[in-house]
Amino acid sequence: MVKHQPLQVYERQLCLSCLTGIYGCRWKRYQRSHDDTTKWEFLWSLILFFTFSLLLVWFYFWWEAHNDYNEFNWFLYNRSGEWSDGTVPILATTAAGFTYIAFLMILALCHIAVGQQLNLHWLHKVMLKFKVGRLHTLRMGVLWSPVQATGPFLHLGALVAVTALAWLVAGQIACTEKIRFLFIIYLCCVLRPVLLGLYMAPLSITSPCIMDHANLTPRPDVIGHQGAPMLAPENTILSFQRALQMNVSGLEADVAISFDGVPFLMRDRTLRRTTDVGKVFPARQLDDASSFNWTDLHSLNAGQWFLKDDPFWTVQSMAQREVMLVGNQGVCSLEQLLRLASLHNQTVVFSLRRPPHRHPCYHSWINDTLEVIRLSGIPQHLVMWTPDWDRGQVRQVAPGLQQTSVEKLPPQVLHQQGISSLLLRYSQASPYDIREFSRSNVSVTLYTVNEPWLFSVLWCSGVSSVSSEAPNILRKVPYPIWLMSPDEYCLIWVAADLISFTVVIGIFVFQKWRLSGMHSYNPEQIMLSAAVRRSSRDVNIMKEKLIFSGKEGPHREENWNSCVYCIVCWCLFL
C-alpha cells in the first residue's frame, strides 16, 4: 500500500474568508483550522445558543405584549412624570440585538457545516455578556398565557426548526470515522429526548381555540375603555361618541370628585398629562385633580395633549376638521357621560376614586355619585357599580344598579354579597375560571383587550364582554382568528410528526450516501479534478485530506451497511 501525502490546493474562498473573518477575525487562510473546537470555545457556543433562545423569547414576549403598550407607557409616566412612548427604544434595541445574535448563530452553524473550528472573537463575547446581563429580568410566568394561546403554531415552528437542524447534525456524524458510536450517543443524549418531547408536546397544549365549532359562544360584547382613545382624547365626550360609532355595547371611564363635589372623568391623579393645566394654572400643575373645583376644570383644554403626544400614532391619519375637533375638547363630567349612554341605551361602568383625606367630599363621595346617577335619568340597570365601600347603603338608595366586583372571589361568595358581575384584568381569569363563573351565572368583563388574537382567545374561552381601547379594531373581528376542532388538530399533529420523522430518516440516509464516495477517490482522480477545476463537493472535501487508495465495491457495501444500521437504531430508539 502506498501512502500519499495530503494534497494542498490553494484556491480563493471568499465566502469562507468572510465566514471565519466576521465570526472570529480569521481572515487569512493559514488562520483557519479543521481541528476540534476547544472546550472553552464550545462553552461560548452554548452561551451563544442560550442568548439566542432568550432573545427569541424576549422578542416573542414584546410581540405579544403589543396589547399593553399604552398601559406600559402610562406606568412609565407615573414613575417619571413625563409622557413618552417607552416601547420604541425597547423594540429598537430588541430588534437590533436579536438580529445581531441571530447572525452570529447562523455564522456558528455555517462553521459547523464546513468543518471549521469555532473561535468566537473577543468583541462578540463582550456583546454576549452584555445581552445576557440585560435579559436577566425576563419573567417566564407572564408568557404562559400567550404561549398557551398560540401553542399549536409554536409547536409546528419548533418542529420545523429541529427537523432542519438534523441536516447539519447528520452531515457531521456521517463525516466521522466512529459513526456507530457517535450515532448512538447522539440519539440517546440529544435527538431522542428533543424530538420525542416535540412529538408529544401537543398533549400539554390546551389552547381555548381547540374546540368544536358548535360549542363557540356568542361574540363577546365590547365596552369602550375611556371611549375610543385611539381616535380621540381619552375620557372626553368625543371619545365616547367615537366609541358609540364603533357599535360598542357599553362605556367605561375613570371618575374623580372635584373640590365642590362634581364627579368628573380623569384617569391620572394630576391634570398634567391630559390637560393644559401647566399653562392655565402653572403653580398647581402637580396638585391632585380633586383639589380643583368644576369651574376651573371646565376651563381646561383636554384635547391638545392628544395632538402633541399622539399616544397611538393615529393623528397623522386625521383630516383637518377632525384635528380641530380633537383640539377643542374639554374635561367631561360623569353626568355628561351618563346622559350620553342613556340616550343610546348603553351600559356604563366606571372606577370611582376616593378623594384625599382633607377633601370636603371625603365622607360623602358615594352619596354625591349616586345623586348624579339619579339626576342623569339613566336606568339603574345600565350602571355597573364597582366601589366596594358601603354596598349595603348603595343597594338601599339604588337597588337596580349592577353590583360589580373588581376582586376575583368564589361564585358562592359573590352570590352571598349580591354581586352579579366581575370586572377583572384579562390576565387574572383563566379559561377555567371563565367557564366556572359562567356556570354560576356571573358575567365576566375583562380589560384591557386591544389585540384581535387576545380577543379571539377570550371569545373561545366564553367570556361575556371585554373592555377595549381599540373598539375600532375589534369590530373587524367577526369570528375568532383561528378555531379548530380537536380532531382537526390531532390530524395536523400526527401528520406533522410523521413528516418530521420521515424527513429526519431521509436526511441521515442521504447524508451518509452523499459522503459515502469519499473513500473511493484516489489521488490521481483528485489531481485530475483539480486540474480541470471541477466544482465537486466531494473532491473539495478530499483536497485537504490524506487519501488511501482502495477498491470501490467493499467501501460502498460497508457504507450501505452503516446506513441500514442507522435506520434500525433510529427505529428502535423512537
Side-chain angles (χ1 to χ4, degrees), residues 67-68 70-71 74 217-255 263 265-267 312 332 334 336-353 373 376 378-387 401-408 419-429 434 437-438 442-459 461-478 480:
N67 181 84
D68 301 322
N70 186 57
E71 185 174 348
W74 188 67
T217 58
R219 186 178 189 272
D221 295 330
V222 177
I223 298 175
H225 183 70
Q226 301 174 358
M230 290 188 178
L231 306 178
E234 64 185 52
N235 286 325
T236 61
I237 284 295
L238 181 62
S239 180
F240 295 115
Q241 290 174 344
R242 293 291 179 266
L244 293 173
Q245 293 174 359
M246 301 297 116
N247 298 322
V248 298
S249 61
L251 303 172
E252 183 182 359
D254 304 283
V255 179
L265 310 186
M266 186 59 57
R267 183 183 187 184
F312 294 96
C332 180
L334 176 61
Q336 290 175 298
L337 171 62
L338 295 175
R339 291 188 184 277
L340 180 64
S342 178
L343 181 64
H344 294 83
N345 196 33
Q346 298 293 324
T347 301
V348 174
V349 54
F350 54 87
S351 301
L352 186 60
R353 184 169 67 245
I373 295 175
S376 67
I378 187 174
Q380 292 185 5
H381 71 275
L382 293 179
V383 178
M384 297 175 63
W385 183 264
T386 61
L401 298 180
Q402 294 186 50
Q403 295 296 325
T404 305
S405 176
V406 294
E407 181 182 0
K408 188 172 74 172
I419 297 174
S420 59
S421 58
L422 285 173
L423 178 65
L424 304 173
R425 179 174 169 79
Y426 72 86
S427 58
Q428 291 182 278
I434 294 174
F437 286 122
S438 179
V442 176
S443 63
V444 179
T445 301
L446 300 181
Y447 66 91
T448 305
V449 180
N450 298 330
E451 290 297 305
W453 73 266
L454 181 57
F455 180 70
S456 300
V457 170
L458 296 178
W459 185 349
S461 301
V463 70
S464 56
S465 60
V466 300
S467 177
S468 174
E469 296 172 331
N472 54 314
I473 295 177
L474 298 189
R475 71 176 301 193
K476 301 176 183 178
V477 187

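All values below come from the heavy atoms of this structure, side chains included, with hydrogens, waters and symmetry mates left out. Nothing fancy with the numbering, it's 1 onward along the sequence.
Ring-plane geometry between Trp385 and Phe350 is classed as perpendicular, the angle between the planes exceeding 60 degrees on a 0 to 90 degree scale with a lower cut at 30.
At a threshold of 4.5 Å between non-hydrogen side-chain atoms, the residues Glu469 and Phe312 count as touching. In this structure, Val348 and Leu337 have side chains that are in contact, with non-hydrogen atoms separated by less than 4.5 Å. Counting heavy atoms from C-beta outward, Leu422 and Thr404 have side chains that stay 4.5 Å or more apart. At a threshold of 4.5 Å between non-hydrogen side-chain atoms, the residues Thr445 and Val349 do not count as touching. Counting heavy atoms from C-beta outward, Leu458 and Val466 have side chains that approach closer than 4.5 Å. Taking the side chain as every heavy atom from C-beta outward, Tyr426 and Leu454 approach each other to under 4.5 Å. Using a 4.5 Å cut-off on side-chain heavy atoms (C-beta onward), Ser467 and Glu252 make contact. Side-chain atoms of Val255 and Ser351, non-hydrogen and from C-beta on, never get closer than 4.5 Å to each other.
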List the steps and the verdict of side-chain contact (heavy atoms from CB on, under 4.5 Å) for Ile223 and Ser468. CA-CA 6 Å; Ile223 298 175; Ser468 174; over 6 Å; no
Test Ser461 against Val463 for side-chain contact (heavy atoms from CB on, under 4.5 Å), laying out the working first. CA-CA 6 Å; Ser461 301; Val463 70; 5.6 Å; no
Checking side-chain contact (heavy atoms from CB on, under 4.5 Å) for the pair Ser464/Asp221: CA distance, chi angles, key distance, verdict? CA-CA 6 Å; Ser464 56; Asp221 295 330; over 6 Å; no
Stepwise, does the side-chain contact (heavy atoms from CB on, under 4.5 Å) test hold for Gln226 with Phe240? CA-CA 7 Å; Gln226 301 174 358; Phe240 295 115; 5.5 Å; no
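In this structure, Asn450 CG and Asn67 CG are separated by 4.5 Å, a value rounded to the nearest 0.5 Å. Note that CG of Asn70 and CE of Met230 are 7.5 Å apart. Values are rounded to the nearest 0.5 Å. We find the OG1-NE2 distance between Thr448 and His225 to be 4.0 Å, quoted to the nearest 0.5 Å. We find the OG-CE distance between Ser465 and Met384 to be 6.0 Å, quoted to the nearest 0.5 Å. Distance check, rounded to the nearest 0.5 Å: CG of Leu423 to CD of Gln402 gives 11.5 Å. The CE atom of Met246 sits 9.0 Å away from atom NZ of Lys476, with the distance rounded to the nearest 0.5 Å.
Side-chain atoms of Ser342 do not come within 3.5 Å of backbone N or O of Leu338 as any donor-acceptor pair. Checking side-chain atoms of Trp459 against main-chain N and O of Pro220 turns up no donor-acceptor pair under 3.5 Å. Side-chain atoms of Ser438 never come within 3.5 Å of backbone atoms of Ile434 as a donor-acceptor pair (strictly under, hydrogens ignored). Judged by distance alone, the side chain of Glu71 and the main-chain N or O of Asp68 form no donor-acceptor pair under 3.5 Å. The backbone N or O of Gln428 sits less than 3.5 Å from a side-chain atom of Lys408, completing a donor-acceptor pair.
Across all non-hydrogen atoms, the minimal contact from Pro471 to Gly227 is CG-O, 4.1 Å. Considering every non-hydrogen atom in both Gln346 and Ile378, the closest pair reads O-CD1, 4.4 Å. For Gln336 against Ile237, the heavy-atom pair with the smallest separation is CB-CD1, 3.9 Å. The nearest pair of heavy atoms linking Gly462 to Thr217 is CA-OG1, 3.5 Å.
Listed by first and then second residue, the side-chain hydrogen bond (donor to acceptor under 3.5 Å, both in side chains) pairs involving residues 229-245 are Glu234-Arg273, Arg242-Glu322 (not counting sequence neighbours).
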